[in-house]
There are 2 protein chains.
Amino acid sequence: MQPFQGIANINGAFIPADEASVPIFDSGFIGGVSVFDTLACWEGGLFKLRQHRERFERSAHAAMIPLRCTGAELDAIIVETTRRSGLRNAYVQAIATRGRRPSPSMPSHDPTLIVYAIPYLSLWPEAKAESGISIVIPSIRQWPASVVDAKIKNFNRMHTHLAKMEADLAGADDVVLLDERGLLTESRGANVFLVRGGALYTPQAGILEGITRETVFEIAAELGIPAAERDLTPYDLYTAEEAFLCSTAGGVYPVAEVDGRRVGAGSLGAQTARIRDRYW
Amino acid sequence: MQPFQGIANINGAFIPADEASVPIFDSGFIGGVSVFDTLACWEGGLFKLRQHRERFERSAHAAMIPLRCTGAELDAIIVETTRRSGLRNAYVQAIATRGRRPSPSMPSHDPTLIVYAIPYLSLWPEAKAESGISIVIPSIRQWPASVVDAKIKNFNRMHTHLAKMEADLAGADDVVLLDERGLLTESRGANVFLVRGGALYTPQAGILEGITRETVFEIAAELGIPAAERDLTPYDLYTAEEAFLCSTAGGVYPVAEVDGRRVGAGSLGAQTARIRDRYW
């Protein structure tokens, strides 16, 4: 296996990313008690650092995970870790856990803070940036907010792992999860948009407060494309003129196919292309 | 913080438990893709090794996490790790993850297997083994089986962490989670039983296939106490003659209070005592 290039900072200490580890008794490992956020560094600049850091702080607050540092201090660690990685295009992630437990049955109050910067990566194959990816709607559902709100960006991702296995079995690239009502929510670490009548629509509930998603709304406003949140079903996706996923890890990616049904022209659509060109 | 006494085995290598760690890029840490099982070693003997190992294999199978070894090999690692710990009474845990990812966006197929043995521990304070613990029913709900089936014993435990925080705020010891229908499911790593009309009742869905729970059924049969699975609500718990939680980590523990309502006599009840005496 290739070693990970890049740098990590664990509780203030810098080490090569490839050597970064946590005790097995860290609550992020044996308890799934961790939150995170992912930033893109592109051509040397961190995209929307404040928005990502503030969302990270909201995740930690809702999850009752104390942060070892906040605000400007956190910004400084993220910037310095990215700088020390020497990477112009980097995938930068901040992770907070409640730290090493005093015993496996007890919560810890000595939190762990990890920031790392490794070479930029995309969730989807670069070869499909024009031709589009294929999606399935898996049997696995999205977390209900009554269990863990999807707004808390956290690593309890057994469900998206199981969903991705369904996609792999179907020979598809990725998934869009439904909620308990059968409404579209999101993909794995990515939001979904569709185009109908020239306007953009995206689910309004059961989703992360996506920063790329927010950026798509900003770009749509600039371009004069109407965009709205709405309850959406698989039917809406099957019959859309265009559809795309968006994420910090990959940007805007066209969806060519959903559950074996071609979406629109089955490749990068005109509106998706306009948004993607403005994003990058 | 006290170091962890005991021994861990990671992918075949023995090390002191306190030094055991995993890379931050292990899918168990950054993806929550891990399953586990916990065994009790009591007075030098591992309790129901085969049943725990088989449940661990079922969890891994359902979660599509390949195991580096199975069956008798796995038994041998569990036994040898426990033996090398030198502990007569041990808390023994096996954990499987999909291992270190080739990239944060991709699944790994080189799985990690960890077994460790540390001093035996209970989920609840020993001082309350007679007087009973207090429970709250938190706002946080149990996973629906459509997201992740509670039968897959895994570390996506953000929800029980949030639930335990609610218990802490209420000054209570632990929780019993409801499912989406408002029916009782289980506690954090423990099943719940109640006594009504001299018979035992326990929830039938949304729960782990508890091995201590199964043992309670066996003991009840030996003692001639009727025992059945049933849909149960908070009302049933409030108005029960007795109630108890049961887990590998603590055995059978009386519940004295639920949501501020005394349960039965508010301490160890007669039927609970008979079962507990037989369990240990």
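Residue numbering restarts at 1 for every chain, and letters A, B, ... go by the order of the sequence lines. Because the structure is a prediction, the values reported are computed rather than measured.
Looking at A:I140, the atoms closer than 4.5 Å to chain B (heavy atoms on both sides) sit in the backbone and in the side chain alike. In this structure, chain A has a heavy atom under 4.5 Å from the side chain of B:T97, while its backbone stays farther away. Contacts of B:V148 with chain A are made by side-chain atoms alone, with heavy-atom separations under 4.5 Å and no backbone atom involved. Of the two parts of B:I30, the backbone and the side chain both hold a non-hydrogen atom closer than 4.5 Å to a non-hydrogen atom of chain A.
No other option in B:A17, B:S27, B:G189 has as many heavy-atom pairs under 4.5 Å with chain A as B:A17. The most heavy-atom pairs under 4.5 Å with chain A, out of B:E19, B:M158, B:R157, come from B:M158. Most heavy-atom pairs under 4.5 Å with chain B, from the set A:L121, A:I10, A:L177: that is A:L121. Ranked by heavy-atom pairs shorter than 4.5 Å toward chain B, the options A:G31, A:G28, A:A145, A:P23 are led by A:G31. Contact count against chain B (heavy-atom pairs under 4.5 Å) is highest for A:D18 among A:D18, A:I65, A:T38. For chain A, the option among B:A249, B:P119, B:P144 with the highest count of heavy-atom pairs below 4.5 Å is B:P144.
B:H161 places no side-chain N or O within 3.5 Å of a backbone atom of A:G32 that could act as its donor or acceptor partner.
B:F155 and A:F29 make their closest contact through CD1-O, 3.6 Å (heavy atoms, listed as atom of the first residue, atom of the second, distance). Shown here for A:M165 and B:M64, the closest heavy-atom pair between the two residues is CB-SD, 3.5 Å. Summarising the geometry of B:E180 relative to A:S146, their closest heavy-atom pair is OE2-OG, 2.7 Å, with the distance given to 0.1 Å. For the residue pair B:R100 and A:F4, the shortest heavy atom distance occurs at NH2-CD1, 3.2 Å. Taking every heavy atom of both residues into account, A:V147 and B:L162 meet most closely at O-CD1, 4.5 Å.
Using cut-offs of 30° and 60° on the angle between ring planes, the pair A:Y116 and B:F25 is perpendicular.
In this structure, the separation between CG on B:N154 and NE2 on A:H159 is 11.5 Å, given to the nearest 0.5 Å.
Environment of CD in A:Q5: sparse, with no more than 12 heavy atoms of neighbouring residues, nucleotides or ligands closer than 6.0 Å.
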